[in-house]
There are 4 protein chains.
Amino acid sequence: MTITLAQARSILDAALTHARAQDAQPLAIVILDAGAHPVAFAREDGASLFRFDIARAKASGALGLGADTRVIATRAVANPAFFQSVVAVTGGQLALSPGGVIIRDSEWRLIGAVGTSGDTGDIDEACAIAGITAAGLTHGAAS
Amino acid sequence: MTITLAQARSILDAALTHARAQDAQPLAIVILDAGAHPVAFAREDGASLFRFDIARAKASGALGLGADTRVIATRAVANPAFFQSVVAVTGGQLALSPGGVIIRDSEWRLIGAVGTSGDTGDIDEACAIAGITAAGLTHGAAS
Amino acid sequence: MTITLAQARSILDAALTHARAQDAQPLAIVILDAGAHPVAFAREDGASLFRFDIARAKASGALGLGADTRVIATRAVANPAFFQSVVAVTGGQLALSPGGVIIRDSEWRLIGAVGTSGDTGDIDEACAIAGITAAGLTHGAAS
Amino acid sequence: MTITLAQARSILDAALTHARAQDAQPLAIVILDAGAHPVAFAREDGASLFRFDIARAKASGALGLGADTRVIATRAVANPAFFQSVVAVTGGQLALSPGGVIIRDSEWRLIGAVGTSGDTGDIDEACAIAGITAAGLTHGAAS
């Protein structure tokens with residue numbers, strides 16, 4: 001099972017709507033499939049140039065370690081050497097900030113991840129979760 | 001001047017509509033801004049895994065050399081050593097097949113590029129051009 | 001909007017003049033356009049070998065995150081794990097020291113960035129700002 | 001012995017003057033020192049995005065193999081496999097087209113190289129040579 005383009009675009013559109021309703025900074029939002037390959041992406045006008053790469057690294061990091069990047073970033077505070085080595089080992093596929101969120105279907109199967117970047121990690125993550133929920137899907141790495 | 005997200009999504013949607021009307025193979029379509037940074041992207045269900053990277057390398061190659069990849073690919077037949085070295089010099093930012101198309105605004109200013117991959121180069125390029133035209137923009141590297 | 005070569009060379013020459021007037025250590029100074037591509041560069045005699053790469057990474061980091069590297073470096077003290085991961089995610093396009101300064105035109109549009117390296121971060125940054133100001137442009141990431 | 005910034009800028013300015021007198025396409029021109037590190041660079045308005053990387057790879061390729069890229073490109077026609085492997089081995093530090101020209105001082109000592117990109121290889125090389133000559137230096141890899 002992996003996410004469809006229709007699901008990915010639903011998440012993307014709802015996350016963008018949430019970002020504008022919250023008056024967030026300009027965001028980049030990417031949806032990756034279960035194999036960490038891009039399915040859909042948008043960068044809002046005015047978002048700075050690294051936002052695609054950071055958003056993607058949040059989503060791929062969540063998939064790569066099987067946890068939302070909020071959880072990973074917290075673990076990294078306690079064990080920075082290991083998590084920095086994972087960043088290097090994977091060629092930079094992990095960004096240590098909230099906003100990488102695993103997507104699950106109605107049967108709790110992992111089908112992809114969202115990555116967002118542009119505002120604080122908290123706001124980035126809220127936009128990702130709003131998108132997933134609005135699309136009728138579920139987020140989170142553990143039940 | 002560079003492309004807006006609204007323009008990029010108009011191109012993307014119209015290119016996808018054209019692809020389905022033509023019964024094309026599943027495509028990946030990316031729109032880059034004038035500095036070759038991603039603005040919008042979609043990969044259709046069933047498109048194989050390299051399609052994002054190839055589509056992006058068509059678009060960045062067109063921007064990088066200032067010509068659609070149809071033109072570049074033709075030149076590469078006559079001078080393969082140089083163009084293969086450009087692929088390596090740029091870290092793989094050039095794919096030598098039609099489907100990378102420069103986007104211009106109403107005043108002929110370069111504002112970005114589309115890259116498509118998934119079917120033949122001819123069909124990939126036709127979808128890119130259909131998207132640009134439907135969005136009220138102009139394509140091509142020379143007047 | 002992006003910077004012209006004439007503007008970039010004005011910044012470069014004025015920054016070099018300022019550096020010599022201050023008796024700064026030998027500097028490397030690069031000006032990037034709004035898409036983070038090099039427009040003009042000079043490395044003074046005696047500047048060490050990393051200076052081009054560091055100067056470029058200061059300028060691209062400022063553009064990539066939408067803030068001068070003085071601001072970014074301060075944030076990195078509070079959240080080192082995230083910013084180190086951004087360095088890796090972007091393939092080393094961010095150097096965490098003052099001297100990467102965003103360039104704005106008279107209408108506050110972002111048109112590029114200067115990066116300087118060779119002396120302390122404070123002196124590097126002062127030379128970058130002196131160059132931007134002498135060229136009749138404005139610096140800074142927030143109004 | 002290596003090139004000074006003053007010499008490098010003399011070459012750069014004279015090469016740009018020659019390019020405009022010839023009505024060449026917009027060029028990127030880089031001068032590297034004897035260790036293949038950048039000393040001076042300019043990209044003319046309208047030059048496409050890869051031109052810095054290609055110009056640099058011409059200059060570094062000339063230094064790396066001890067011959068102007070015109071000579072290297074001719075050899076590559078006869079032995080493409082070897083020269084493509086050199087491109088890969090060096091991480092893309094060689095572009096197989098004229099325009100990478102070794103710079104020598106009055107005592108025939110190698111002090112750096114010029115790389116130019118933007119027009120045909122012949123025109124690129126002519127601009128490089130015009131710059132070296134106008135700066136009172138000598139070009140060429142063999143006496």
Side-chain angles (χ1 to χ4, degrees), chain A residues 1-17 19-20 24-60 63 91-93 105 111-118 127, chain B residues 1-17 19-20 24-60 63 91-93 105 111-118 127:
Chain A
M1 289 301 298
T2 197
I3 198 164
T4 65
L5 175 57
Q7 290 173 314
R9 298 196 83 175
S10 292
I11 294 171
L12 186 58
D13 289 344
L16 289 169
T17 298
R20 285 314 104 230
Q25 293 293 310
L27 298 187
I29 304 175
V30 67
I31 291 90
L32 304 184
D33 66 20
H37 299 282
V39 178
F41 171 71
R43 179 163 57 96
E44 293 189 292
D45 301 342
S48 57
L49 300 182
F50 288 172
R51 298 302 170 187
F52 169 72
D53 288 325
I54 297 172
R56 185 177 180 176
K58 288 184 182 179
S60 59
L63 291 165
Q93 294 187 58
D105 67 11
I111 60 171
V114 182
T116 51
S117 178
C127 293
Chain B
M1 290 301 297
T2 198
I3 199 163
T4 64
L5 175 56
Q7 290 173 313
R9 297 196 84 174
S10 292
I11 293 171
L12 187 58
D13 289 344
L16 289 169
T17 298
R20 286 313 104 230
Q25 293 293 310
L27 297 188
I29 304 175
V30 67
I31 291 89
L32 304 183
D33 67 20
H37 299 282
V39 178
F41 173 71
R43 179 163 56 95
E44 294 189 293
D45 302 342
S48 53
L49 299 181
F50 288 172
R51 297 303 169 188
F52 169 71
D53 288 324
I54 297 172
R56 186 176 179 176
K58 287 183 181 179
S60 60
L63 291 165
Q93 294 187 60
D105 68 10
I111 60 171
V114 182
T116 51
S117 179
C127 294

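Quick note on labels: first sequence line is chain A, next is B, and so on, each numbered from 1.
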Q.
side-chain contact (heavy atoms from CB on, under 4.5 Å) for Asp105(B) and Gln7(B)? Distances and angles first, verdict last.
A. CA-CA 10 Å; Asp105(B) 68 10; Gln7(B) 290 173 313; 5.7 Å; no
Q. Closest heavy-atom contact between Leu63(B) and Gly112(B)?
A. CD2-O, 3.6 Å
Q | Interchain contact, Leu12(B) with chain A, by part (heavy-atom threshold 4.5 Å) | A | side chain
Q. So which of Ile3(A), Val30(A), Thr2(A), Asp13(A) has the largest heavy-atom pair count under 4.5 angstrom toward chain B?
A. Asp13(A)
**Q.** Short N-O contact, Arg20(A) and Glu44(A), less than 4.0 angstrom
**A.** yes
Q. Looking at Pro38(A), Ala42(A), Gly46(A), Ala40(A), which one has more heavy-atom pairs under 4.5 Å with chain B than the rest?
A. Pro38(A)
(Q) Taking side chain as everything from C-beta outward and backbone as N, CA, C, O, which of these in Arg51(A) sits under 4.5 Å from a heavy atom of chain B? Side chain, backbone, both or neither. (A) neither
Q: Locate the shortest heavy-atom distance separating Ala28(A) from Ala55(A); write the atom from each residue and the value.
A: O-CB, 3.8 Å
**Q.** Top contributor to chain B contacts, counting heavy-atom pairs under 4.5 Å, from Ile31(A), Asp33(A), Asp53(A)
**A.** Asp33(A)
**Q.** Shortest non-hydrogen contact from Ile29(A) toward Ala15(A)
**A.** CD1-CB, 3.6 Å
